[in-house]
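Input: a single structure, listed below in structure tokens.
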Amino acid sequence: MLLRTPSDDGSAFEWLLYEQAGVVTTRQAIKLLGRAPVERHLRHGRWRTLSHGILLTDNGQLHREQQLWVATLTAGPGALLAGFTAATEWGVTGLPGEPIQVIISAERSRSARLARFPADMASVRVYRTAVLPPEHQHTGLPPRTSLARSVIDAAAWAGTDHEARMVIAAACQQRRVLPSDIRRALDLFPRVRRHRLMSELLADLAGGASALSEIDLIRLCRQYRLPPPVLQEHRTDIAGRRRYLDAYWPDFRLHVEVDGAHHMDAEQWTADMLRQNAVWINGDRILRFPASLLRSNPSAVAIQLKAAMSVALNETSERQLNTP
């Protein structure tokens with residue numbers, strides 16, 4: 001049920017329903033309406049009890065905004081959306097939708113685990129923190145942690161290192177937050193899980209990397225002691241169009257493209273081949289690797305990179321010897 005904006009003379013309860021997407025605590029409802037009207041709505045099936053102390057002021061299925069309010073209200077006073085959930089609410093796309101992640105102050109007394117929810121409610125996980133300065137708290141609807149803090153928590157709580165890198169890269173690549181903003185927030189958590197991973201990743205992002213595949217390539221070069229590439233080098237092709245290369249080593253005239261899953265699309269594949277041909281016509285070498293290979297078998301990528309650089313060096317030496 002979509003709630004209309006209350007009129008200027010709307011009651012406090014109408015505004016509360018609007019702000020909280022129709023989800024209220026029993027205490028809020030009784031305070032503003034009285035106990036008898038609340039019990040009457042529930043008895044006649046106009047409202048639903050979602051969990052102990054949490055009510056839905058209609059009898060439909062929960063939509064996403066309502067699920068977020070259920071999670072924060074159930075977690076109690078001061079609870080904030082956090083991690084992947086808060087980052088998504090800030091506009092970062094492609095992140096996991098469940099569980100809904102909520103954070104509360106460690107100063108709160110420990111309570112029993114969350115009550116059982118109905119089938120149309122997403123799963124919820126509540127985290128506790130001893131560090132929650134005012135600048136990390138935003139009074140959105142629902143309230144949430146700042147995006148920089150949300151990204152740090154999401155990376156720390158992620159199931160894998162790759163998932164941790166993915167959320168930070170996504171937030172920066174989608175231009176929702178700057179690496180420097182995350183870096184400043186991270187300074188407050190010297191002992192947070194994956195601190196070193198986050199620090200190195202933020203340095204790469206500040207250095208010009210944007211996509212996770214570019215970051216994986218930089219890490220691979222460090223691991224195998226290869227010279228770092230120039231990222232997102234722009235070129236003008238033979239048709240006069242401006243092109244951007246994923247990674248380029250000008251000393252070796254070597255261009256590397258890292259292909260994600262979208263490159264398997266027939267239209268994208270055709271465009272990739274035309275761009276690749278244009279690079280070859282101009283005399284550069286081009287190597288292509290699937291993004292997954294950089295993580296699953298980096299040595300295979302390193303072997304081919306080293307081979308291409310070696311051939312380029314030999315050709316350069318031969319040209320110099322043959323030059324009068």
Side-chain angles (χ1 to χ4, degrees), residues 19-20 23 25 27 51-54 64-65 67-92 95-115 117 121-172 176-203 205:
E19 291 173 353
Q20 296 183 185
V23 179
T25 66
R27 180 175 297 181
S51 67
H52 179 70
I54 306 296
R64 182 62 175 178
E65 186 180 3
Q67 291 178 340
L68 299 178
W69 274 108
V70 173
T72 52
L73 293 175
T74 302
L80 303 168
L81 297 179
F84 287 114
T85 308
T88 298
E89 291 304 297
W90 282 113
V92 181
L95 305 182
E98 287 195 46
I100 294 175
Q101 296 179 325
V102 177
I103 202 167
I104 61 174
S105 172
E107 297 176 356
R108 287 255 310 269
S109 59
R110 288 195 174 273
S111 57
R113 58 183 178 179
L114 290 170
F117 292 119
M121 176 61 192
S123 59
V124 178
R125 184 161 184 182
V126 178
Y127 298 83
R128 306 171 74 85
T129 180
V131 182
L132 195 59
E135 61 268 26
H136 289 187
Q137 305 174 47
H138 284 255
T139 55
L141 296 174
R144 66 198 69 157
T145 53
S146 68
L147 181 49
R149 173 62 185 273
S150 302
V151 167
I152 291 170
D153 285 337
W157 302 336
T160 65
D161 287 352
H162 175 66
E163 195 176 46
R165 288 195 297 269
M166 178 270 294
V167 64
I168 296 176
C172 295
R176 297 295 179 178
V177 66
L178 295 173
S180 57
D181 294 333
I182 303 175
R183 176 74 261 182
R184 281 193 295 273
L186 185 61
D187 288 341
L188 296 178
F189 304 93
R191 300 179 66 181
V192 71
R193 185 186 182 208
R194 296 194 176 102
H195 186 282
R196 181 176 177 180
L197 178 151
M198 287 189 252
S199 295
E200 292 177 351
L201 178 58
L202 290 169
L205 289 165

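Ile54 places a side-chain heavy atom less than 4.5 Å from the side chain of Thr25. With a 4.5 Å cut-off on side-chain heavy atoms, His136 and Leu80 do not count as touching. Side-chain contact between Ile104 and Val126: present, with at least one pair of heavy atoms (C-beta onward) separated by less than 4.5 Å. Annotation: side chain of Val177 is not in contact with side chain of Val92 (no heavy-atom distance under 4.5 Å). Looking only at side-chain heavy atoms (C-beta outward), Leu132 and Arg149 come within less than 4.5 Å of each other. In this structure, the side chains of Ile152 and Ile182 come closer than 4.5 Å at one or more pairs of heavy atoms.
Between Arg184 and Asp187, none of the side-chain N atoms (NZ, or NE/NH1/NH2) sits under 4.0 Å from a carboxylate O, so this pair counts as no salt bridge.
Sorted by first and then second residue, the salt bridge (Lys or Arg N to Asp or Glu O under 4.0 Å) pairs involving residues 71-85 (not counting sequence neighbours) form an empty list.
Rounding to the nearest 0.5 Å places CG of Asp153 at 6.5 Å from CZ of Phe189.
Distance alone, capped at 3.5 Å, places no donor-acceptor pair between the Glu163 side chain and the Ala158 backbone. The backbone N or O of Ala155 lies less than 3.5 Å from a partner atom in the side chain of Arg194, making a donor-acceptor pair.
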Show your working on side-chain contact (heavy atoms from CB on, under 4.5 Å) between Arg125 and Trp157 and close with a plain yes or no.
-> CA-CA 11 Å; Arg125 184 161 184 182; Trp157 302 336; over 6 Å; no
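Qualifying side chain to side chain contact (heavy atoms under 4.5 Å, CB included) partners for Ala122, counting only residues two or more places apart in sequence or in other chains: Arg64, Gln67, Glu98, Ile100.
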